[in-house]
Amino acid sequence: MQSKFTGKGLPEKELPDFFESKDELKIFLRSIPQVIFIRKAESGFPVEFASANVSGFGYEPADFRAGKILYADIVHPEDLEAFNFGVISNSERGIADYILKYRILTKDGEVHWVEDRTLIQYGKNGRISRYIGIVSDINTRRELAEKLKQEKQKFSYLLNSSRSLIIIMDRQGKILETNERACTSLGYSQEELLKLAPSNIDTRYGNQFPRQVKKIFQKGNIAFETSYLKKDGTSIPVEVEAHLMDYEGRSTILTVANDISEQKQIKKDLSNSLKVNKVLELIVSSSPMVVFLSSPREKRPVEFITENIILFGYPAGAFTSGELAYENIIHPLDIEKVRDNLFRNYKEGKNDFFQEYRILTASGEVRWVDEQTFIHSDEKGDIEYLYGTVIDVTEKKQSSDFLRIRRDTGTALESTDVLQDILRQLLDLALEVEPLDSGCIYLMGEANGELKLKTCRGLSPAFVKAASGFGKAQGLVNLFRIGKPVYRQYFELKKMASLETPPEEKLRAAAFIPVFSGGNFAAVMQLSSHKADEIPESSRKQLETIALELGNEISRTKEKAELQQISSDFQGLFKSIKDFIFIVNQEGCIVHSNPAFRKYLSYTEKELLGRNILSFHPQNRVLEAAKNFSEILEGKTFLYSVPFVTRDGTEIFAETKFSKGSWRGQEVLIALSRPRPEE
């Protein structure tokens, strides 16, 4: 059947037969995401035809047809040589179709990555007559791949910057990931370590790994001491924390181990000495470990403390003179816990124990410490004095918290695709970072460019009402667009943003962190503290990581909405076309069909599904149809002219065109056919 019109710039024989008019063809070509180019096999690749949706790149089809623009003109200059080579090499090898990836320039000079599937058309003399290119914009796909690469790099940096030995294993004990510290401490290369089992490393609990996994799943995390066996046969004592962790979509075990050789040695020295002063003389004052001797009386007056207590801003003399007692520097919220731990361990008959708590430095900074306390009792069993060591573990604590937040972020975001839920969950995670206790998230309105409050925590209703949004003219919005977080006292940020928030809120340290989605400014996280005057550097890194996750989630929800709309549009188009459209697999079985095909043949969708296409042809032409279908699979032809037979035996004459494609992960043939009267 011949076309009913001649499309300018496209030979009549190239037009699909089922289009009634040139306008119908334009609408179809404009509705698909790919741009179609028909290029001559000449220098510069003059364009015979460009589909209307080339306007997405800023060009007009007429400029190509008129010869004002050659296809080579829009290929990025740095990729042109490789593009030419790809065309020539594939042409010389007689390949019917091939795929190239390269960059093109839009009319505005923007750079876009594209995937070009080119079909080579040969003339009667066997020479190439033209190239038919189906060009897809893959910018978004490459950006997502780059973001994934960056996330992996950040994860790798986080692992390898830790001073702890970090090993991630699956539930069967297979090692999936390790950090550099684990490799260097144990003397293995990473490749060697990944091949080992828990029993090759852990001398005490390695053979009990399944039992340990059961405990972790019951409690969420466990802590224990063991020894790790090195490659050279020696071992090191370690303190291990094991947690559940989501890693690459599956539940795994994260073990964070710290070498406690030094602590073990100190414990041994202290246990073997009857005179504390003699033991303390063995401790080097320059060590980061503070050694103390204190009375068990109220507030624990200090009798001796090493000079390196100055690491926390206090001179040793302030304690030994009685100006300060040890409890004076313990964080007020932890004092009762420290007292209870001492009393409980004493009642249980223990001579030494570990505990972790916070102290306040002389400048008011909060630091986490790990204290090992030894209880020395007199002949009656009463506590005579306490001695032990204190070491700053703030960095280790923050590293562990950072890993937990990353894990919790992934776990929380798995449970929802609703943006409002995602905002609430990420804000809750951000407020777990010290010293934050309040905050809110603003989203940028696409229509008016204004920031509107979407969720908040820890703030009064009066504050929320006053800070419900930022107009485009406010100075802080322009600062956000630059892309840099702002960490200040809240009164400074309030002045910058011209906010009229109630003074009784008494916010102190604050952060305004911009969030970008797909390279565009999309949201702001405002986080604050009622108790601290500054947000430390380590906390800032955690907050900025959460902000990055928020940007990724905003992109993901937008992309999902767009994909759903495209899918809906496609289904509408598929159902409205009056010509036959059906899809068959490589064996010729129907995997999908449109309503028109089912109506003409008088079958339901369920009845057609899985039926071989040969069963819908006259019996006397089945062999002809089978041979024709085989030639289509081999690429020798794309036309199929055997009539179809309806349920009641009526023959419907049609000329069917097949093209190769993909449907739900499998290679298929897509058929387009228009019924016609018998000639």
Side-chain angles (χ1 to χ4, degrees), residues 159-169 173 175 177-190 192-193 196-209 211-213 215-216 219 221-243 253-273 279-280 282-284 286-292 306 341 345 348-357 368-375 387-397 399-400 403:
L159 284 180
N160 293 320
S161 63
S162 174
R163 297 179 181 177
S164 303
L165 288 70
I166 298 178
I167 299 176
I168 300 174
M169 295 176 284
I175 298 177
E177 186 73 63
T178 66
N179 68 342
E180 292 175 0
R181 178 56 66 92
C183 295
T184 55
S185 297
L186 300 178
Y188 292 100
S189 68
Q190 188 173 47
E192 292 173 328
L193 199 53
L196 300 181
S199 57
N200 300 133
I201 301 171
D202 190 333
T203 61
R204 184 175 179 184
Y205 295 107
N207 291 320
Q208 304 175 29
F209 184 76
R211 188 183 302 173
Q212 295 292 86
V213 171
K215 284 184 180 179
I216 295 170
K219 299 181 179 180
N221 62 80
I222 60 173
F224 55 92
E225 285 188 22
T226 186
S227 294
Y228 276 1
L229 188 65
K230 299 170 65 174
K231 185 178 181 180
D232 62 10
T234 61
S235 62
I236 55 173
V238 290
E239 185 179 66
V240 181
E241 292 182 15
H243 306 265
I253 310 299
L254 167 68
T255 61
V256 181
N258 290 287
D259 185 344
I260 56 173
S261 301
E262 186 177 359
Q263 294 181 32
K264 285 286 186 181
Q265 186 60 44
I266 291 174
K267 179 180 178 180
K268 182 179 178 180
D269 291 342
L270 292 173
S271 298
N272 294 332
S273 178
V279 174
L280 294 178
L282 301 176
I283 305 298
V284 180
S286 60
S287 167
M289 188 176 294
V290 177
V291 180
F292 67 87
T306 51
N341 281 340
N345 281 280
E348 292 175 358
K350 294 182 179 179
N351 294 323
D352 68 285
F353 62 93
F354 287 92
Q355 61 177 327
E356 191 176 84
Y357 56 89
W368 282 91
V369 297
D370 188 12
E371 177 188 317
Q372 182 178 17
T373 305
F374 295 88
I375 303 173
Y387 61 93
T389 60
V390 174
I391 189 167
D392 189 335
V393 294
T394 305
E395 291 185 7
K396 183 189 82 170
K397 179 78 173 175
S399 177
S400 177
L403 285 171

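In this text the structure is predicted, and so the values were computed from the model without any measurement. In what follows, residues are counted from 1 in the order of the sequence shown.
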Qualifying residues under side chain to side chain donor-acceptor pair (under 3.5 Å), relative to N341, sequence neighbours excluded = R344, Q355
N200: partners by side chain to side chain donor-acceptor pair (under 3.5 Å), with sequence neighbours left out = none
If every non-hydrogen atom of V238 is compared with every non-hydrogen atom of D259, which pair is closest and at what distance?
-> CG1-CA, 4.1 Å
Check E356 against W368 and note the closest heavy-atom contact, atom names and distance.
-> CG-CE3, 3.9 Å
Could you give the distance from CG (D370) to CD (E239), rounded to the nearest 0.5 Å?
-> 6.0 Å
Rounded to the nearest 0.5 Å, the CD1 atom of I201 sits from the CG atom of L229 at a distance of 9.0 Å
With T184 via side chain to side chain contact (heavy atoms under 4.5 Å, CB included) - residues at least two apart = R181
Rounded to the nearest 0.5 Å, the CD1 atom of I253 sits from the NE2 atom of H243 at a distance of 10.5 Å
Give the minimum heavy-atom separation between M169 and I167, together with the two atoms involved.
-> CG-CG2, 3.9 Å
Excluding sequence neighbours, so at least two apart, what forms salt bridge (charged side-chain N to carboxylate O under 4.0 Å, His left out) with D392?
-> R367
Partner residues of T226 under the side chain to side chain donor-acceptor pair (under 3.5 Å) criterion, sequence neighbours left out = D202
Residues passing the salt bridge (charged side-chain N to carboxylate O under 4.0 Å, His left out) test with K230, sequence neighbours excluded, are none
When every non-hydrogen atom of N179 is compared with those of S164, the smallest separation belongs to ND2-O, 2.9 Å
